[in-house]
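We name chains A, B, ... by the order of the sequence lines, and we start the count at 1 in each one. What you see below is based on every heavy atom in this structure, not just the backbone, and it leaves out hydrogens, waters and symmetry mates.
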Amino acid sequence: MERQLGQIYRVSGPVVTAVGIKPRMYDIVKVGHEGLMGEVIQIEREKSIIQVYEDTSGIKPGEPVENTGLPLVVELGPGLLKSIYDGIQRPLPVLQDKMGDFIERGVTANGLDREKKWEFTATAKVGDAVSGGMVLGTVQESASVEHKILVPPNAKGTLKALSSGTYTVEETIGTLDDGTELQLMHKWPVRVPRPSKEKLLPDIPLVTGQRILDGLFPLAKGGTAAIPGPFGSGKTVTQQALAKWSDAQVVVYIGCGERGNEMTEVLTEFPELEDPQSGNPLMDRTVLIANTSNMPVAAREASVYTGVTLAEYYRDQGYDVALMADSTSRWAEAMREISSRLEEMPGEEGYPAYLAARLSEFYERAGRVITKSGSEGSVSVIGAVSPPGGDFSEPVTQNTLRIVKVFWALDAKLAQRRHFPAINWLNSYSLYNASLAPWFRENVAEDWNEVRNECMEILQKESELQEIVQLVGSDALPREEQLVLEVARMLREIFLQQNAFHDVDTYAPLSKQYQIMKTILGFSEKAKEAMSAGAPVAKIIAIPARDELAKARFEEDFDTLIGDIQKQMDTQLEGVIKESRTQLGEVTA
Amino acid sequence: MSSAKEYKTITEVKGPLVFVEKTEPVGYGELVTLRLPDGSAKRGQVLDTSDETVVVQVFEGTTGIDRETGVKFLGETLKLPVSEDMLGRIFSGGGKPIDGGPEIVPDEYRDILGAAINPYSRQSPHDPIQTGISTIDANNTLVRGQKLPIFSASGLPHNDIALQIARQAKVRGEGEEFAVVFAAMGITNEEARYFMKDFERTGALKNAVIFLNLADDPAVERIITPRLALTAAEYLAYDLGKHVLVVFTDVTNYCEALRQIGAAREEVPGRRGFPGYMYTDLASLYERAGVIKGKPGSVTQFPILTMPGDDITHPIPDLSGYITEGQIVISRELHRKGIYPPINVLPSLSRLMNAGIGKGKTREDHKQVSDQLYAMYAEGRDLRGLVAIVGKGALSERDIKILEFADLFEERFVRQGRDEDRGFEDSLEIGWELLATLPENVLSRIDRKTMAKWHPKNRGKEEAMVQ
């Protein structure tokens with residue numbers, strides 16, 4: 001499409017109205033003498049309404065506007081991993097080189113480095129019939145990830161040439177019979193989902209090493225989860241723990257309208273941390289997108305699409321990708337801000353009426369699929385939600401909950417008590433429990449699901465008992481119920497609480513999670529026995545092995561310790577039983 | 001600048017806004033001067049510009065503006081003249097010197113909007129600042145480059161706390177240069193004098209830059225006051241290498257001004273009538289805190305906001321809390337008990353604390369002591385509720401100890417003098433003393449190693465072993 005020139009008619013913050021161009025919806029235009037990047041979001045007769053990705057101060061009516069005729073695209077190819085981008089895939093280090101420590105406007109930068117050479121190994125053969133999404137060959141992108149070079153989704157034909165060698169992303173690595181040149185890189189419009197062959201059912205968990213998540217409310221690979229919570233309840237810490245420890249091969253982390261210092265923390269921490277799967281630095285498998293709250297609001301709106309497109313691209317290579325969006329509320333607010341500048345009729349709380357549709361379109365891009373090349377890949381989406389005032393009845397939370405299958409409800413009360421992760425076990429849910437049950441049975445323990453359910457029951461029972469305790473005090477409860485409270489306390493303090501800042505405790509393998517649950521339930525069983533032998537609750541809970549268990553989760557040799565602790569627990573409770581029997585005997589005698 | 005063309009084409013004046021027609025193309029955000037028929041002048045800024053109409057927001061209020069008023073567009077955005085000589089000076093909320101001193105001879109003019117710091121250029125904040133207040137230092141440690149607001153409400157001593165922090169704040173063991181930038185937005189004359197007197201009393205004024213927009217100054221000016229202050233702060237920090245503490249008071253007045261302009265523009269309002277872009281707008285202030293890699297200075301923000309009706313879910317504290325790195329919450333309950341500083345640690349939080357504490361920074365046991373104090377105090381307060389219903393007699397021995405701990409915590413740990421400057425160690429030691437009143441098996445947040453080394457009952461032993 002040929003380029004068209006028009007001019008600015010009106011400027012109101014990030015929204016610019018232009019006349020004299022005839023763009024299609026979502027075409028990219030260059031605005032003003034500085035050529036600021038913008039996107040057409042509305043067409044009204046001869047006027048095109050544009051959201052501009054950069055600050056518009058000083059821009060005047062009458063300045064030129066140029067339509068590129070292309071939608072917003074991202075560049076897909078080797079070099080994405082370890083990168084940090086803004087919302088429209090401009091690498092932040094490049095922006096720093098070009099404009100210094102502060103982000104000025106009017107600078108363009110390629111998503112992928114044009115100079116860098118990559119070692120390409122062809123796996124497809126000349127003469128092969130190929131189509132979009134099929135693998136041409138590989139590039140070792142980082143120590144953790146072998147990048148598969150794919151045929152661009154819309155191309156099809158017979159391979160006329162293809163050779164291994166060292167290439168930049170733009171050099172031709174081969175051609176199709178119709179003359180299409182193939183490169184390491186191709187482009188894809190961010191607002192269009194990338195195609196796959198078939199969606200699969202989610203029956204493999206995304207193991208996160210977080211006890212409350214894997215143990216009680218697991219997320220499936222290709223599933224969707226929401227973490228809503230008031231400020232200070234630990235959304236970001238939870239998101240970062242997931243980015244660090246989940247067993248995805250690639251992680252895309254979108255900092256959408258959040259704090260600059262948080263992104264910096266990720267940037268300094270991730271290269272230092274080790275990926276528990278591969279042993280390489282975590283950064284080797286991570287792409288960061290940072291559009292902080294004071295960066296232009298239109299680019300914030302785009303950042304979520306940019307992120308999910310990169311995630312889909314790695315999925316198409318057959319990888320399991322975890323996408324974290326922190327926070328989707330800021331994304332929704334960006335939509336609201338733009339919508340209000342457009343003077344659109346607002347829906348609930350000023351959000352545009354299309355909020356629900358946009359949210360569901362986004363979450364629907366998650367899924368486990370058979371890719372076009374026949375392998376399996378997945379994109380799991382975990383969206384943080386920041387409800388105003390911590391009120392879950394607000395539109396973003398509610399519209400999100402209608403779509404996602406896992407709900408991790410953060411709770412300010414728990415956070416104030418320093419119970420972390422502050423996920424409320426009574427309000428949270430996972431709809432994947434049933435579909436994941438066979439996997440846990442086969443891969444962790446035969447009775448995983450029974451153990452899990454029993455723990456849940458105890459916690460549920462505790463909340464009922466707490467209501468009574470609030471009225472009459474715990475001493476007024478029957479002994480059996482006092483024991484339930486104690487066991488529930490153990491579950492809360494030893495199993496549910498997890499210290500994200502402790503070197504050992506931050507990641508708990510499934511076997512450890514299982515052992516802790518199992519040991520606590522074992523204690524519960526044996527304690528019941530002791531109780532029927534007449535032992536007082538105070539005696540039972542005073543056994544030293546109980547404290548040992550509490551401390552053991554911080555120890556590196558947990559696996560060896562736990563056997564001992566279970567044995568001690570048994571012996572000590574046996575002791576309590578014997579003692580009670582003797583005393584009972586003395587009394588009867 | 002003076003050659004700019006003057007228009008007399010005002011069609012509408014509405015609240016703080018003036019609508020001007022038939023102009024040459026005018027840039028978005030451009031600075032505007034208005035010459036009134038009585039000869040006085042006002043300044044404003046372009047909010048919306050098109051071929052037909054330009055909307056101007058007038059900083060000093062629209063009183064006296066009529067359709068005969070002349071409007072000039074200056075072709076540039078609002079800039080602040082900056083120089084080291086700003087230290088020790090007092091400016092109006094619009095940036096004019098009001099202390100009777102000379103105009104600033106600027107080294108440079110800086111755009112007051114300030115560009116966003118590239119996240120890649122940021123240095124992750126990690127140097128703890130000792131404020132001398134236990135509830136902050138031990139439980140909610142402030143670090144350089146952080147933005148940590150005080151959530152207060154009317155009738156509470158937030159000003160005293162802010163002053164005490166501004167006075168006592170120090171980084172350990174280094175003789176680095178500090179400066180304070182103080183921006184008053186809509187506070188009363190009396191409050192302003194209180195601040196000024198304290199600045200003079202302690203000699204802090206010579207290292208401070210002060211911007212005063214008082215309650216009877218035009219509300220619209222409040223929109224630019226914090227931006228002027230931050231522009232000055234960034235200059236002092238990143239160009240002159242100082243560690244700058246920026247105090248804003250009161251952000252609530254700023255947000256009210258924002259709402260006023262939104263209403264005048266007939267925008268679709270968000271929650272409680274505040275504009276939908278208030279999050280982004282507040283972020284453009286708060287996010288200007290930080291440390292930049294390779295630059296010696298830092299900007300730390302300490303905004304004060306009063307929660308209308310003590311309501312922490314009100315949009316102003318709520319949106320602030322989502323942007324700032326934590327909050328210090330002042331409690332009316334503690335204040336009524338006569339405890340100063342009445343900081344309630346439970347809803348308070350410093351997000352950057354973990355990066356600023358521990359071995360080599362404060363002390364290795366810091367995190368665990370802090371967590372344990374929190375947990376026990378939270379439980380103690382719950383028990384108070386329970387005691388009110390069932391009486392103390394129904395509590396177990398463990399619970400009674402925890403109940404007593406909560407009282408001790410408020411009396412010994414929270415309470416301190418207005419001039420009492422506690423070191424990090426002092427605060428942690430008081431913490432340990434209080435924890436030592438509890439049975440050891442309730443201290444579940446402290447691991448074995450820390451217990452063995454730092455619990456008061458084990459202290460003597462370890463020293464004995466070393467000897």
Side-chain angles (χ1 to χ4, degrees), chain A residues 9-13 17 55-63 84 92-93 95-96 101-104 231-232 257 259-261 263-265 267-268 290 292-295 297 330 333 336-337 340 346 349-350 386 388-391 416-418 470-476 493 501 547 550-551 554, chain B residues 25-30 48-51 77 113 115-125 145 267-271 276-277 279-280 283-284 287 290 292 295 313 315 318 321-323 325-327 346-347 349 352 354-355 367 371 374-375 378 386 389-390 394-396 441 444-445 447-448:
Chain A
Y9 167 77
R10 176 183 172 190
V11 186
S12 170
T17 309
D55 177 39
T56 52
S57 292
I59 304 292
K60 292 178 183 169
E63 288 191 34
I84 174 164
L92 292 178
L95 294 187
Q96 187 194 34
D101 296 329
F102 291 87
I103 296 184
E104 310 287 344
F231 63 82
R259 305 175 181 90
N261 280 335
M263 294 317 295
T264 314
E265 193 187 318
L267 268 177
T268 35
T292 58
S293 52
N294 58 340
M295 284 157 76
V297 71
R330 304 299 160 226
E333 276 167 15
R336 172 165 76 182
E337 201 172 321
S340 126
E349 290 197 15
S386 320
D391 171 14
Q416 284 182 14
R417 218 149 290 196
R418 293 302 183 262
Q470 290 297 320
L471 292 175
V472 298
S474 61
D475 283 3
E493 289 182 358
F501 300 100
D547 294 335
K551 311 266 180 197
F554 294 112
Chain B
V26 170
Y28 175 75
E30 235 178 68
D48 194 325
T49 168
S50 70
D51 285 352
T77 48
L113 287 180
I117 302 176
N118 187 330
Y120 187 76
S121 300
R122 278 181 188 268
Q123 168 79 54
S124 203
E267 290 168 346
V268 181
R271 272 207 311 155
Y277 51 79
Y279 176 84
T280 308
S284 73
E287 275 293 323
I292 293 180
K295 294 203 172 163
T313 67
D318 191 54
Y322 276 121
I323 308 163
E325 283 134 355
Q327 66 277 337
L346 297 183
L349 170 73
L352 302 182
N354 287 313
K367 164 118 180 97
D371 282 356
Y374 260 114
L386 186 58
I389 303 170
V390 299
L395 294 190
S396 66
N441 64 350
S444 63
R445 309 299 170 101
D447 63 27
R448 285 189 289 204

Is there side-chain contact between A:V11 and B:P25, with at least one heavy-atom pair below 4.5 Å?
no
Given side chains that start at C-beta, do those of A:P388 and B:T313 come closer than 4.5 Å, heavy atoms only?
no
Chain B contact via [X] - side chain, backbone, both or neither, heavy atoms under 4.5 Å:
X: A:T268; value: side chain
X: A:E493; value: side chain
X: A:Y9; value: both
X: A:P346; value: side chain
X: A:R259; value: both

Under the side-chain contact (heavy atoms from CB on, under 4.5 Å) test against B:N118, which residue among A:T264, A:L95, A:D101, A:T292 passes?
A:L95
B:T280 pairs by side-chain contact (heavy atoms from CB on, under 4.5 Å) with which of A:M295, A:E333, A:E337?
A:E337
Top contributor to chain B interface from A:D391, A:T56, A:T17 [non-hydrogen pairs under 4.5 Å]:
A:T56
Heavy-atom pairs under 4.5 Å with chain B - which of A:N294, A:L267, A:D547 has more of them than the others?
A:N294
Between chain A and each of [options], count heavy-atom pairs under 4.5 Å; write down the option with the most.
options: B:G145, B:P269, B:G276; answer: B:G276
options: B:P347, B:P315, B:S396; answer: B:P347
options: B:L352, B:D371, B:N354; answer: B:N354
options: B:V26, B:L349, B:L386, B:N441; answer: B:V26
options: B:E325, B:E30, B:K295, B:K367; answer: B:E325
options: B:P119, B:A375, B:A283, B:S444; answer: B:P119

Which answer fits [X], side chain, backbone, both or neither, if we ask what part of it has an atom under 4.5 Å from a heavy atom of chain A?
X: B:D51; result: both
X: B:Q123; result: backbone
X: B:I389; result: side chain
X: B:R448; result: both
X: B:I292; result: side chain
X: B:E267; result: neither

For A:E265 and B:S124, does a side-chain donor sit closer than 3.5 Å to a side-chain acceptor?
no
Give a yes or no answer on whether the side chain of [X] reaches the backbone of [Y] with a donor-acceptor pair at less than 3.5 Å.
X: B:Y28; Y: A:P61; answer: no
X: A:R10; Y: B:T49; answer: no
X: B:E287; Y: A:G260; answer: yes

At their closest point, which heavy atom of B:R122 faces which heavy atom of A:N261, and how far apart are they?
NH1-OD1, 3.3 Å
Heavy-atom pair of closest approach, residues A:F102 and B:A115:
CD2-O, 3.2 Å
Within a radius of less than 6.0 Å around OH of B:Y120, do more than 12 heavy atoms belonging to other residues, nucleotides or ligands occur?
no
Salt-bridge contact A:K551-B:D447 (side-chain N to carboxylate O under 4.0 Å)
no
Cation-pi between A:R330 and B:Y322: NZ/CZ under 6.0 Å from ring centre and within 45° of the ring axis?
yes
Looking at CD1 of A:I103 and OG of B:S121, how far apart are the two atoms once the value is rounded to the nearest 0.5 Å?
7.5 Å
CG (A:D55) and OG1 (B:T77) are apart, to the nearest 0.5 Å, by 8.5 Å
